[in-house]
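Values below: all heavy atoms of this structure, side chains included; hydrogens, waters and symmetry mates excluded.
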Amino acid sequence: MAALSIPPPPPPSSTTSSVASIPWPNPVADPDSSSLAPSLADDPNPFPPPVVDHAEEEPHAGNSMKDDESSEDLASAAPLPPHPVPAASSSSPPRVAESDAADAMSVLHLSFNQDHGCFAVGTDRGFRIYNCDPFREIFRRDFDGRGIGVVEMLFRCNILAVIGGGPNPNYPPTKVMIWDDHQSRCIGELSFRSEVRAVRLRRDKIIVVLDNKIFVYNFADLKLMHQIETVPNPKGLCAVSQQQGSLVLVCPGGQKGQVRVEHYGARRTKFIMAHDSRIACFALSQDGRLIATSSSKGTLIRIFSTIDGTLLQEVRRGADRAEIYSLAFSSDMQWLAVSSDKGTVHVFNLKVNLGLTANDKPRPASDPNAPTQSSHLSFIKGVLPKYFHSEWSVAQFRLHENTQYIVAFGHQKNTVVILGMDGSFFRCQFDPVAGGEMTQLVCYNFLKSESF
């Protein structure tokens with residue numbers, strides 16, 4: 001298989017300067033579609049200069065005095081077009097081309113941005129940003145063999161949150177660094193006494209996840225807004241809605257199997273007992289109305305209303321235990337995608353009724369006299385194990401077991417994007433009616449690079 005060909009970046013230079021005050025930037029709009037900067041017409045100045053508040057006991061927010069990284073300007077990071085790997089049937093798991101040993105690097109982190117149009121990769125050398133459709137590298141920032149363990153994008157903005165990681169971290173793992181790519185340096189930081197597990201961004205908030213606590217900050221001034229106690233959370237599980245005007249945050253609750261939902265607009269907290277076992281993974285819909293959860297067993301996925309905690313639907317991934325790596329809602333909340341260590345990505349049809357809008361068409365009511373599978377088995381309902389009347393996935397895509405993949409829905413209709421910690425990128429299409437095996441559209445190795 002052919003692999004992505006990307007020219008190597010110029011070697012990073014190092015400069016040292018003393019900075020007394022670093023202005024808080026505005027995300028810069030750029031008409032180039034390969035730029036990270038979105039149009040924020042609805043909020044033209046979301047990032048005024050920070051007001052440092054030292055009142056918090058555990059975290060500390062402030063401007064970074066560090067200015068020892070410089071790199072090429074974003075505009076000069078135009079990539080070469082990728083070389084596609086020929087499509088293959090998903091019945092035999094595909095494998096992306098391997099990088100040369102000299103180019104080998106460790107992937108420490110993978111994440112999509114908020115609208116799933118881009119993804120970020122943290123490595124033991126720095127971080128990279130890619131566009132999903134069409135697939136291409138947007139830019140990379142290398143730090144002389146120093147690693148980035150977490151990279152969180154803010155849509156396509158020049159502002160990112162990064163955390164050091166790997167055997168030689170570029171920043172302490174106890175700090176969240178606010179990176180402005182138009183200045184090619186960090187312009188703010190949040191410091192903690194323990195290792196940061198995850199960070200989530202909104203245009204108005206920064207959420208920092210520690211082992212047993214979550215801190216919510218205003219993005220405008222880095223002032224602490226709220227803190228939450230959780231059960232031990234080594235995975236850094238946390239999700240936040242992205243719809244403007246309503247802030248919904250979901251995190252593990254105070255006991256095993258519990259999910260906590262914070263409705264900041266309504267100033268209301270909801271606890272949902274989602275599973276008997278500990279929570280292993282969850283996902284929140286963009287508008288914050290739905291949450292999908294899985295437990296450490298990994299057999300069932302449950303969909304709840306975040307408003308009242310009602311269980312709306314339950315679907316089955318399989319019968320064997322599995323570690324769920326990721327869950328993702330489609331933008332129209334009609335589909336749910338799931339990836340696990342079993343190597344199969346599943347797509348489920350959601351049947352939740354959230355209320356019809358003027359643009360929605362009600363589904364026709366089913367004929368009560370028409371025979372259904374459940375009616376044939378109704379006479380022994382309650383006798384058969386729950387397994388036999390579970391809702392199964394509509395479509396599947398088979399990959400290699402024990403490789404960690406994360407999944408999201410693509411911007412093209414009925415497509416999913418799959419990212420692997422081995423450097424693999426897949427875009428697949430599913431048939432919403434016939435279902436079955438998905439069709440692989442493209443496959444790349446996003447870590448592959450060649451020298452001239």
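- Listed for the Gln114 side chain is a donor-acceptor partner under 3.5 Å among the backbone atoms of Met153.
- Checked against the 6.0 Å centroid threshold, Tyr325 and Tyr405 do not count as a close aromatic pair.
- Using a 4.0 Å cut-off between charged nitrogen and carboxylate oxygen, Glu401 and Lys342 do not count as a salt-bridge pair.
- Side-chain contact between Ile228 and Lys213 is absent, with no heavy atoms from C-beta onward closer than 4.5 Å.
- When the side-chain contact (heavy atoms from CB on, under 4.5 Å) test is applied to Ala395, the partners found at least two apart in sequence or on another chain are Val347, Phe430, Met438.
- Phe143 and Trp179 have their aromatic ring centers within a separation under 6.0 angstrom.
- Using bins of under 30°, 30° to 60° and over 60° for the plane-to-plane angle, the ring pair Tyr130/Phe135 lands in the parallel bin.
- Among residues two or more places apart in sequence or in another chain, the side-chain contact (heavy atoms from CB on, under 4.5 Å) test is passed with Ser331 by none.
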Side-chain donor-acceptor distances from residues 231-241 under 3.5 Å, at least two apart:
unit_1	atom_1	unit_2	atom_2	d
Asn233	OD1	Gly236	N	3.4
Asn233	OD1	Leu237	N	2.9
Asn233	ND2	Leu237	O	3.0
Lys235	NZ	Ala280	O	3.4
Ser241	OG	Ser246	O	3.1
Ser241	OG	Val248	N	2.9

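- Put simply, the side chain of Arg202 never gets that close to the backbone of Asp204: no donor and acceptor are under 3.5 Å apart.
- Shown here for Met273 and Lys256, the closest heavy-atom pair between the two residues is CE-O, 3.6 Å.
- Between Phe409 and the options Thr415, Val417, Val416, a side chain to side chain contact (heavy atoms under 4.5 Å, CB included) holds for only Val416.
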